[in-house]
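Since the structure comes first, as structure tokens, the remarks are kept for the end.
Only heavy atoms go into these numbers, but all of them, side chains included; no hydrogens, no water, no symmetry mates.
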Amino acid sequence: MLKATLRSFLAHKGRLALSALAVILSVAFVAGSLIFSDTVNRTFDRLFASTSADVMVGPKDDLDEAVPSGQTPTVPASLRERVAEVEGVADAHLDVSVDNVTVVDGDNDPVGSTTGAPTVATNWYVTDRSPVELTSGHAPRGAGQAILDADTADKKDVKIGDTLTVLARPGSFEVEIVGIAAFTTTNPGAALVFLETGSAQRELLGSAGKATSISVTADDGVDDTTLKRRIAAALGSGHQLETADEQADSAASELGGFLDVITYVMLGFAGVAVLVGVFLIVNTFSMLIAQRTRELGLLRALGADRGQVRRSVLVEALLLGLAGSTLGLAAGIGLAVGLIELMGVFGMNLKSAEMVVRWATPVAAYVVGVGVTFVAAYLPSRRAARVSPMAALFDAEIAGVGRPLKVRAAVGCVVAVGGAAALVGCAAAEKTLTAASLLGLGIVLSLVATVIAGPLLVRPVIRVLGGAFPAVFGPVGRMSRRNALRNPRRTGATAAALMVGLALVGGLSVASASMTKSFDKQIDATLGADFVVQNSNFLPFSPEVTDKVEDIAGTGLVVRQRFAPVELSLPDGDRVESTAAGYDPRLDDVVDVTYAAGSSRAALAPGHIGMDREFAAEHRVRVGDELPVVFPGKRKAALTVGALTDQDMPEGFGVTGGLFLGLGTVEKYVPGGQDAAVYVNAAAGTDPDTLRERLEKALDPYPQVQVRDQADYKELIRRQIAVMLYLVYALLGLAIVIAVLGVVNTLALSVVERTREIGLLRAIGLGRRQLRRMIRLESVVIAVSGAVLGLALGLVWGVAVQQVLALQGMKELAFPWPTILAVVIGSVVVGLAAALLPALRASRMNVLAAIAHE
């Protein structure tokens, strides 16, 4: 039996090659994501370990900033002398490092990363742990001199002697580049500008008496933990102390979020490849077994029992899984190399020569590859074991032609009812967490139900879609439709591969269209200002920008917005950390706010605060209540609730409760912050278009800020939502690739299976062109049926997702009909493309040889 199995596998290796591609893709994404993640982790672990000081003394962490306030936490510079006197301290350096700066050249073009990595301005000093070394020029010797990192200098064509402008919180200043420094370790992607320490303190922090932290080097023989304990005893509380290992762990955890996104995205691709690949492999093995019915019957007649036949099929699947896993692992290594090179485009210079392949990676690769094929081949192997020895005496097929679908119908209905109940419960839920849980359950159950009932569903769909075929294409059209209906199990499995990807696209397209429509409506309803001046990435900007705006001729009302992290103690006993927005008094002139109680005047008054009505009700807050509030630096206040809003605004950026207060209150408790936005109205008699031209011209030296009106805001939201859609479309692309392989495989094996039938059709007058057309029409109707089922399922999912989003304020429902139409047209193209090779092969058959085919 083993020898027969091996010969059978080698005899059908061409037919199994397409199925192997699905395994290869699945394994490649799993292996590639693991290798890439491990490589980046190892690289940055080395970076953090080699550059971290033995002990770092910094400001005490208190409140997390979900939205940046523009404040730079500092420690007194005089603290360095106290630290230096501690026993076991070999050296102590002041650190001045600010990452919310913008650096521009003489043409006002940004000098730094344009892909999201920060531009960091810091002070220059040299230790054996410095991440860079001076390669040309000299160290900065006073105000107006700076060093630039070599990678940024090369990309932006900056040379020694060039003048750059640094836009920092206290204001802008010019520096001459006097040196270039190259990274001695991995370049994390940031642009680095180094200043002399005193100049950095004055220009970046606004005071020579401040620093962002103090780096401490231990004496020989003094371990980090001991030194940290001694420094803590000398300084007392109020400071954050971290050893080198703790600094490395903190940096790694911050980097972990970025790495997790990449890893989860790649594993999502792997999951789609696995899911769609299962359909392809099940279909392939089912058809191969159907074509080998006489062969299997002969084996049974010669004495092979059911277990031996079943094991024979599973061994073939095992061989396919091993081959696919091996090739997939190799492809995964190549994918990881490609990702490492891609990171170089974003400025993160990793070395593929230092790629990490841990033992867990090949284990995961083979578990996925072999597991997928083994599981997918199990049901076909059970069917193979039921082949009767009498099948050796006649042509028979066990793939399911003519077998009743009652069991599938019953199981599919039960699962569908469960899925429908979960989706209805999701729509009726009032809590976001409950709704999201029911949504996930409903999506899984409805997908499973559609897959189970696929053979039942494709019949009416194909009858409708192919209803015009006989009239348009004559007998060829009638035969193509009948061929698609001949084996509903096979057709359902083939269409299901495409259905999965299109259901995902349909659901998220509805969700994104609904989000866009909801945001558009909210912008129309709330934004009353002519223009908003805001950073392109929503980070705060220097007060210098606000001063420029106020000085422009034609500027009327200017209302500033600034954020501050807060912690509220609420009447129900909860302590909530959130972010409050501070505004100038005339907020109502630039933003339309709907109030359930109180007014803007009451909320923005000194010592007062406003919040969302639903948040207040949840925590039993009423207008007039006095709430204890903690601001950064442990500054405490008791603020009176002056107003409750009823805005239905979508939540985001980690902001909870819709908290807002007067800008004077923010400046009192969070001094030194930066504006996040400036709302501007044109003065009486000034045309808004004229004011926009003046604003853009005056703000040209500040490329980090943009002038936006309502239309610009809507376009910005659309672009941000489009980023999510691009990921979905990439997943769709992968699903379509595998689905096309499935359709090609099905048609190719179907052609082999119908060789004698095709020969007879050719013998009675069917032309080559007619034969190719018949197979193409069969392919198109299968692909379009999968698209129709997928889109129908996706639209249901999309409506359910919108109901969850409605709990977050996004209450508009929209259907992206152009996208849906494009998907249907695309499915026709997919069907035509998938049929090319099988149709060509069928038309080239020798008629007599086909008729004589066994």
Side-chain angles (χ1 to χ4, degrees), residues 67-68 70 100-112 114 165 167-169 171-172 516-563 581-593 600 649-650 652-653 663 674-723:
V67 181
N100 59 345
V101 301
T102 301
V103 180
V104 298
D105 59 18
D107 297 324
N108 290 329
D109 292 328
V111 175
T114 58
T165 301
L167 311 175
R169 188 197 66 78
S172 59
T516 299
K517 186 176 180 180
S518 297
F519 277 110
D520 284 353
K521 184 176 180 180
Q522 289 297 336
I523 290 170
D524 288 336
T526 59
L527 183 58
D530 291 331
F531 302 104
V532 181
V533 177
Q534 195 172 40
N535 198 312
S536 57
N537 53 7
F538 303 106
L539 293 175
F541 48 79
S542 168
E544 197 174 300
V545 173
T546 305
D547 295 339
K548 284 278 188 182
V549 171
E550 291 176 335
D551 292 340
I552 295 172
T555 296
L557 177 65
V558 174
V559 174
R560 297 169 295 164
Q561 179 191 56
R562 189 174 298 179
F563 291 104
Y583 295 97
D584 282 319
R586 294 180 62 183
L587 176 63
D588 288 338
D589 292 328
V590 294
V591 177
D592 295 325
V593 185
S600 294
M649 283 295 290
F653 302 106
L663 195 58
Q674 294 177 277
D675 295 335
V678 176
Y679 297 87
V680 184
N681 279 344
T686 301
D687 180 64
D689 291 337
T690 301
L691 178 60
R692 179 167 193 154
E693 291 178 3
R694 294 173 182 173
L695 284 168
E696 291 176 343
K697 183 177 180 180
L699 297 177
D700 185 59
Y702 307 92
Q704 78 273 30
V705 297
Q706 295 179 350
V707 180
R708 298 189 178 104
D709 58 14
Q710 280 193 351
D712 296 325
Y713 254 106
K714 292 177 182 178
E715 181 59 29
L716 178 66
I717 296 296
R718 290 189 182 95
R719 288 201 302 268
Q720 292 176 334
I721 294 174
V723 172

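Val559 is not listed as a side-chain neighbour of Val591, based on a closest heavy-atom distance of 4.5 Å or more.
Within the structure, salt bridge (charged side-chain N to carboxylate O under 4.0 Å, His left out) contacts touching residues 581-590 (residues at least two apart or in different chains) are Arg560-Asp584, Arg586-Asp589. Residue pairs that meet the salt bridge (charged side-chain N to carboxylate O under 4.0 Å, His left out) test with at least one member in residues 676-694, sequence neighbours left out, are Arg692-Glu696, Arg692-Asp709, Arg692-Asp712.
Residues meeting the side chain to side chain contact (heavy atoms under 4.5 Å, CB included) test with Lys521, sequence neighbours left out: Glu812. Residues passing the side chain to side chain donor-acceptor pair (under 3.5 Å) test with Asp524 are Lys714, sequence neighbours excluded. Take Tyr679 and apply the side chain to side chain donor-acceptor pair (under 3.5 Å) test, not counting sequence neighbours, and it matches no residue. Take Asp520 and apply the side chain to side chain donor-acceptor pair (under 3.5 Å) test, not counting sequence neighbours, and it matches Arg718. Every side chain to side chain contact (heavy atoms under 4.5 Å, CB included) that Asp107 has, sequence neighbours left out, goes to Asp105, Asp109. Remark: Gln710 engages no residue in a side chain to side chain donor-acceptor pair (under 3.5 Å) (not counting sequence neighbours).
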Considering only distance and modelled atom types, tabulate donor-acceptor pairs under 3.5 Å from the side chains of residues 538-549, sequence neighbours left out.
| from | atom 1 | to | atom 2 | distance (Å) |
| --- | --- | --- | --- | --- |
| Ser542 | OG | Ala168 | O | 3.4 |
| Ser542 | OG | Arg169 | O | 3.3 |
| Ser542 | OG | Glu544 | N | 3.1 |
| Glu544 | OE1 | Ser172 | N | 2.8 |
| Glu544 | OE1 | Ser172 | OG | 3.4 |
| Glu544 | OE2 | Ser172 | OG | 2.8 |
| Glu544 | OE2 | Tyr702 | OH | 2.5 |
| Thr546 | OG1 | Asp675 | OD2 | 2.6 |

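Shown here for Ala529 and Asn681, the closest heavy-atom pair between the two residues is CA-OD1, 3.2 Å. Residues Pro703 and Val104 share a closest heavy-atom pair of CG-CG1, 3.2 Å. Of all heavy-atom pairs between Leu167 and Pro701, the closest is CD1-O, 3.6 Å.
Judged purely by atom type and a 3.5 angstrom limit, Asp530 has no side-chain atom pairing as donor or acceptor with the backbone of Pro688.
Tyr713 and Gln534 share a donor-acceptor pair across their side chains, judged by distance under 3.5 Å alone.
Test Thr555, Leu695, Val533 against Val678 for side-chain contact (heavy atoms from CB on, under 4.5 Å) and you get one pass: Val533.
Atoms CG and CG, on Asp700 and Asn108 in that order, are 5.0 Å from each other to the nearest 0.5 Å.
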**Asked** Checking side-chain contact (heavy atoms from CB on, under 4.5 Å) for the pair Ile717/Ile523: CA distance, chi angles, key distance, verdict?
**Response** CA-CA 10 Å; Ile717 296 296; Ile523 290 170; 4.2 Å; yes
